[in-house]
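Quick notes on the structure that follows.
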Amino acid sequence: MALLNILTYPDPRLNKVAKPVAQIDERIRTLVADMLETMYEAKGVGLAATQVDVHERLLVMDVSDERNEPLVVINPRVVWKSDEIVLGDEGCLSVPGFSGDVERYAEIHIECENERGDTYKIEATELLAVCIQHEMDHLMGKVYVEYLSPLKRGRIKTKLLKEAKEAERDAA
C-alpha cells in the first residue's frame, strides 16, 4: 500500500468530472487500499478518487467511531433522497484547515458496487448521508467551498494559494 498525494483547492483537477469505473480489477483494488490508507493517515472520514487525481467514480469512507468500518463505493447512483434538508459544518481533506456550513439532504439512498464487483445499496442518514453527498460532489468536479459565499470562498482560496507558494519556496 502507498500514501497518495491529496490535491488541494483550488487545483483545477478537482473540478474534473469522474468517469465510471469500467472494470473492477486488481488496479482498482490497489487504488482502494491506497485511498483507505491515505484517508486514515490524513484523519479524514471520506476520500474520492478525484482528490488523488484519479478521475473515476470511486470513493472510500469510514464514519465509525473506532475507524474500523471502511466503506468502498464504486459507480454510485442516487436512487432516493429525502425532502428534509440539514445544515452542517463540513471540512475537506482538499481544503485543509477550513470548514463551512453546507446544506445537504438529511437522508439519501444509493446503489453502488464494492471492490469485489458486488452491487449493494446504502440507506444513509446523519454523518454517512453527508459524507456520501460530499464525496459524490467530488466525482462531479465540485468542492464544498462552492456552496459557500463568494467572499468566504475567495478568502479560503487566497490563503491556500499563499500557503502553497510558501511551501514551494521553503522546499526550494
Side-chain angles (χ1 to χ4, degrees), residues 1-9 11 14 17-18 20-21 24 28-148 152 156 160:
M1 293 195 303
L3 288 177
L4 304 170
N5 181 50
I6 299 173
L7 300 177
T8 304
Y9 179 80
D11 190 310
L14 288 168
V17 176
V21 172
I24 299 172
I28 292 297
R29 285 186 281 279
T30 299
L31 178 60
V32 163
D34 292 346
M35 286 176 60
L36 283 166
E37 181 180 4
T38 301
M39 178 191 71
Y40 287 127
E41 179 70 24
K43 310 281 190 270
V45 295
L47 185 66
T50 300
Q51 293 176 271
V52 294
D53 203 20
V54 176
H55 303 283
E56 295 180 75
R57 295 184 57 77
L58 164 63
L59 51 98
V60 297
M61 297 173 288
D62 188 341
V63 299
S64 68
D65 290 336
E66 296 80 28
R67 312 286 290 137
N68 62 353
E69 298 175 29
L71 271 176
V72 175
V73 175
I74 300 172
N75 295 328
R77 299 166 299 289
V78 175
V79 294
W80 180 84
K81 49 194 171 198
S82 65
D83 292 331
E84 182 185 354
I85 302 292
V86 294
L87 180 68
D89 189 41
E90 290 186 26
C92 180
L93 295 176
S94 291
V95 190
F98 294 93
S99 67
D101 288 334
V102 178
E103 289 186 343
R104 301 283 186 187
Y105 294 103
E107 188 174 353
I108 188 166
H109 299 181
I110 65 168
E111 289 182 350
C112 56
E113 298 161 274
N114 62 21
E115 68 275 21
R116 293 179 303 281
D118 302 324
T119 300
Y120 71 106
K121 289 183 181 180
I122 299 174
E123 296 181 358
T125 60
E126 300 176 345
L127 179 57
L128 181 58
V130 169
C131 189
I132 287 170
Q133 292 169 80
H134 177 108
E135 301 308 332
M136 285 183 71
D137 272 355
H138 279 299
L139 301 180
M140 296 307 298
K142 191 167 188 173
V143 181
Y144 89 92
V145 296
E146 294 172 44
Y147 292 105
L148 306 179
K152 186 162 185 176
I156 291 170
L160 288 174

Next on the checklist: Both conditions, 6.0 Å and 45 degrees, for the charged tip of Lys142 above the ring of Tyr147: are they met here?
Outcome noted: yes
So, taking the atom named [atom1] in [X] and the one named [atom2] in [Y], what distance separates them when rounded to the nearest 0.5 Å?
| X | Y | atom1 | atom2 | value |
| --- | --- | --- | --- | --- |
| Glu90 | Asp137 | CD | CG | 8.0 Å |
| Asn114 | Ile24 | CG | CD1 | 7.0 Å |
| Leu14 | Thr8 | CG | OG1 | 8.0 Å |
| Ile132 | Met61 | CD1 | CE | 4.5 Å |

Polar side-chain atom of [X] near backbone of [Y] as donor-acceptor pair, under 3.5 Å:
| X | Y | answer |
| --- | --- | --- |
| Glu123 | His109 | no |
| Glu135 | Ala48 | yes |
| Arg57 | Ala18 | no |
| Ser94 | Gln51 | no |
| Asp62 | Val45 | no |
| Asn75 | Pro20 | no |
| Gln133 | Tyr105 | yes |

Next on the checklist: Can you confirm whether Val145 sits close enough to Phe98 that some side-chain heavy atom of one is under 4.5 Å from a side-chain heavy atom of the other?
Outcome noted: no
Checklist entry - Can you find a pair of side-chain heavy atoms, one from Leu93 and one from Thr38, that are under 4.5 Å apart? => result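 Answer no - side chains too far apart.
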